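In what follows, chains carry the letters A, B, and so on, assigned in the order in which the sequence lines appear, proteins first and then strands, with residues in each chain numbered from 1. In this text, all values refer to a predicted model and were calculated from it rather than measured experimentally.
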Amino acid sequence: MKNKFYITTPIYYVNDRPHIGHAYTTIAADVSARYHRTKGEDVIFLTGTDENSQKTVEGAKKSGEDVKTYADRLAAIWKSTWEALNIGNTDFIRTTEERHVKTVQEIWKRIWDNGDIYKGKYEGLYCKGHEAFMKEVDLVDGVCSDHKTKPEWIAEDNYFFKLKKYEKDLLKLYGDNPNFVTPEGRFHEVKSFVERGLEDISISREKQEWGIPVPNDNKHVIYVWFDALINYISAIGIDGWQKHPADVHAIGKDIIRFHAVIWPAMLMSAKLPLPKRIVTNGFFTIDGVKISKSLGNAIDPLDLAKKYGVDALRYFLLREIPYGEDGDFSEVKLKERYNADLANGLGNLVARVATLGEKVSPIKYNYTHPLHKLLKEAHEEYDYKISTFRFDEALEIGWKRIAQSDAALSVDQPWYKEGSERAEKILSRCIELVIITDLLEPFLPETAQKIKDQISYDRTNKVFHIKKTENLFPRK
RNA sequence: GUCAGGGUAGCUCAACGGUGGAGCAGGGCUUUCAUAAGGCCAAGGUUGUGGGUUCGAGUCCCGCCCCUGACACCA
């Protein structure tokens with residue numbers, strides 16, 4: 001039976017446009033998905049949009065559109081962005097879809113039936129600027145320091161989820177699964193957060209027209225994140241999740257608490273299996289400055305892809321910024337890596353082997369060739385790096401081999417050799433390129449195909465056919 | 001403030017308590033199969049700071065300075 005692998009990205013707020021940070025998370029998930037696919041696994045890769053937020057309503061108001069029209073338009077932008085970046089998601093979920101609404105209400109009922117939802121009063125100091133309740137400690141002289149306004153005291157009826165009840169179960173979960181959240185530092189923060197003690201949390205809002213109604217009480221709308229998390233189930237159905245929950249939730253560090261604390265508690269209450277693993281990446285700065293709407297410095301990944309190519313962008317992001325850590329994006333660095341690693345490195349190597357090989361093509365391949373056994377060795381370390389989301393290190397393995405091939409060519413000098421000796425030297429480089437291409441394929445799917453078009457390997461007849469065409473990465 | 005992580009070459013990062021390394025950038029030499037690409041070589045550091053432990057400290061202990069993150073309902 002085929003192994004299953006289910007990986008998800010966060011669902012992104014529709015009112016935000018895709019920027020480099022979203023692209024990073026999604027590309028990382030895509031690399032993982034593609035890798036598992038090359039292993040012959042049955043991969044489900046889910047991404048989508050979170051549309052039931054109050055922010056969606058405001059966004060629509062701002063652009064003068066009907067909420068539904070607005071959400072449709074923006075969701076389409078997200079979808080096409082991922083297509084353009086060669087993201088191979090198998091599904092795209094929108095939280096306004098019927099399948100999601102039904103699932104959310106069903107999960108609500110299960111949690112309700114388990115006695116974990118109750119009605120209470122939610123009150124506190126509400127800052128209009130934040131659209132959030134503030135704690136007194138956040139205030140300076142009773143005034144919100146960010147908005148310089150005095151928060152109002154408001155109270156509304158809310159449904160609450162008995163999160164506190166799951167404190168011990170969560171701590172046991174963390175203890176039993178040392179890799180539940182990576183990187184470790186973040187996991188530590190999660191643990192200490194829970195150890196300090198949990199409070200029940202409100203999971204509904206009153207007086208809102210947009211969102212999923214609470215079952216049997218349409219005066220209330222289910223709070224966005226409670227609804228949002230359930231998307232991971234909606235996409236594959238409750239039965240599907242029951243049989244095989246997510247193997248990996250890839251998220252940004254801003255939403256760890258929801259995924260590592262509230263989500264497992266919700267699932268425990270609904271008597272459903274838990275995700276296996278949550279991997280979090282950091283935040284981006286652009287040229288050392290935080291990404292912010294007011295600065296308008298968010299970079300559209302599509303612009304970069306247009307300029308440097310999709311694969312170059314994918315490569316740069318995962319090679320430059322170690323997964324889990326905060327990173328700085330700069331086009332100067334992108335260009336540096338493009339020229340050093342892609343043009344001078346991979347691209348140039350393929351060009352030299354293709355030109356050399358073309359003259360002696362076809363070359364017969366013999367399975368006893370000494371390089372053949374390296375194929376397996378090459379993959380062991382690499383497999384480990386990918387499975388632990390250390391993409392930068394996995395790529396480094398590929399680039400070490402590229403450098404070795406360049407050096408080997410200088411030593412072998414096949415251009416001075418004749419006949420079978422010449423073919424033999426070039427063959428070694430072709431085999432090595434097969435290994436390298438294998439390693440890079442999840443990261444650079446388009447490039448891998450282009451390499452295979454130039455240096456094609458016929459397994460049945462054990463022969464290489466080589467034909468030089470365009471350069472993979474023209475220098476910038 | 002409390003807790004956690006970090007401060008090493010121009011940049012990004014490595015270094016079981018045992019002569020501080022790599023990649024990129026910059027410098028020199030060199031090859032022609034290749035995209036003014038490749039190869040080789042050299043240079044580059046009082047490891048944030050002040051003490052301490054030790055035969056020996058980037059690594060362990062204490063103080064200080066600086067950076068980042070977490071400390072619940074914007075996500």
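- The distance from atom CE of A/Met266 to atom C1' of B/C73 is 14 Å, rounded to the nearest whole Å.
- To the nearest whole angstrom, the two P atoms, one in B/C16 and one in B/G28, are 36 Å apart.
- Going from atom CG of A/Leu334 over to atom CG of A/Leu313 covers 7.0 Å, rounded to the nearest 0.5 Å.
- As judged by a 4.0 angstrom heavy-atom cut-off over every strand, A/Val411 is placed among residues making no nucleic acid contact.
- Ring geometry, A/Phe391 versus A/Phe389: the interplanar angle falls from 30° to 60°, so the pair is classed tilted.
- Across all strands shown, A/Ile262 has no heavy atoms under 4.0 Å from either base or sugar-phosphate atoms.
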>> So if I define the base as every atom that isn't primed, P, OP1 or OP2, how would nucleotides 35-40 of chain B read as a B/S/- string at a heavy-atom cutoff under 4.0 Å?
In response: B-SSS-
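- One atom, CD1 of A/Ile255, and another, C1' of B/A72, lie 15 Å apart when rounded to the nearest Å.
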>> Dot-bracket for RNA chain B, please. Rules: Watson-Crick or G-U, both distances under 3.5 Å, ( ) within the strand, [ ] when a pair crosses earlier ones, | for another strand, . otherwise.
In response: (((((((..((((....[..))))..((((.......))))......(((((..]....))))))))))))....
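- The aromatic rings of A/Tyr457 and A/Phe464 lie parallel to each other, with less than 30° between the two planes, well short of the 60° mark.
- Remark: A/Tyr416 is in phosphate contact with B/U32, judged by side-chain N or O atoms under 4.0 Å from OP1 or OP2.
- In this structure, A/Arg319 places its CZ atom 7 Å from C1' of B/G23, rounding to the nearest Å.
- For the pair A/Glu189 CD and B/A72 P, the computed distance is 12 Å after rounding to whole Å.
- Salt bridge status for A/Glu331 with A/Lys307: present, with a side-chain N to carboxylate O gap under 4.0 Å.
- In this structure, CZ of A/Arg186 is placed 19 Å from P of B/C3, rounded to the nearest angstrom.
- With hydrogens and angles left out, the side chain of A/Ser202 and the base of B/C73 share a donor-acceptor pair within 3.5 Å.
- Spacing of C1' atoms, B/U8 relative to B/G45, comes out at 7 Å, to the nearest Å.
- B/U59 sits 34 Å from B/G26 when the P atoms are compared, rounded to a whole Å.
- Annotation: B/C64 and B/C74 have their C1' atoms spaced 37 Å apart (nearest Å).
- Between B/C33, B/A75, B/C73, one nucleotide has an atom nearer to the side chain of A/Leu356 than all others, and that is B/C33.
- A pairwise comparison of heavy atoms in A/Lys468 and A/Ala354 identifies CD-CB, 3.7 Å as the closest pair.
- Among the nucleotides B/C33, B/C3, B/A72, the one closest to the side chain of A/Trp415 is B/C33.
- Distance check on atom C1': B/C55 versus B/G21 gives 25 Å, rounded to whole Å.
- Here the CG-OG1 distance, from A/Asp300 to A/Thr81, works out to 6.5 Å after rounding to the nearest 0.5 Å.
- Residue A/Thr355 is in sugar-phosphate contact alone, with no base atom involved, counting any heavy-atom pair closer than 4.0 Å across all strands shown.
- Separating the P atom of B/G18 from that of B/A57 is a span of 11 Å, rounded to the nearest Å.
- As a whole-Å value, the separation of A/Ile397 CD1 from B/A14 P is 16 Å.
- In this structure, the CZ atom of A/Arg401 is 18 Å from the P atom of B/G23, given to the nearest Å.
- A/Lys333 comes within 4.0 angstrom of no nucleic acid atom, judged by non-hydrogen atoms across all strands.
- Ion pairing between A/Asp328 and A/Lys333 holds under the 4.0 Å rule for side-chain N and carboxylate O.
- Annotation: of the two residues near RNA chain B, A/Gly197 and A/Gly185, the 5′-most nearest-nucleotide partner is A/Gly185.
- Atom CG in A/Asp328 sits roughly 14 Å away from atom C1' in B/U68 (whole-Å rounding).
- Distance noted for atom P between B/A22 and B/U31: 26 Å (whole Å).
- Counting all heavy atoms, side chain and backbone alike, A/Ile77 lies closest to A/Pro18 at CG2-CD, 4.2 Å.
- Among A/Thr26, A/Thr47, A/Thr25, the single residue meeting the side-chain hydrogen bond (donor to acceptor under 3.5 Å, both in side chains) criterion with A/Thr9 is A/Thr47.
- A gap of 13 Å separates the C1' atoms of B/G10 and B/A43, to the nearest Å.
- Of the residues A/Tyr223, A/Trp108, A/Tyr118, the one that meets the ring-ring contact (aromatic ring centres under 6.0 Å, His included) test with A/Tyr159 is A/Trp108.
- Taking all atoms of both residues into account, the shortest heavy-atom contact from A/Asp311 to A/Leu444 is O-CD2, 3.2 Å.
- Residue-to-nucleotide proximity on RNA chain B shows that, of A/Val353 and A/Pro322, the 5′-proximal contact is made by A/Pro322.
- Closest contact between the side chain of A/Tyr13 and the listed nucleotides B/A4, B/C33, B/A75 involves B/A75.
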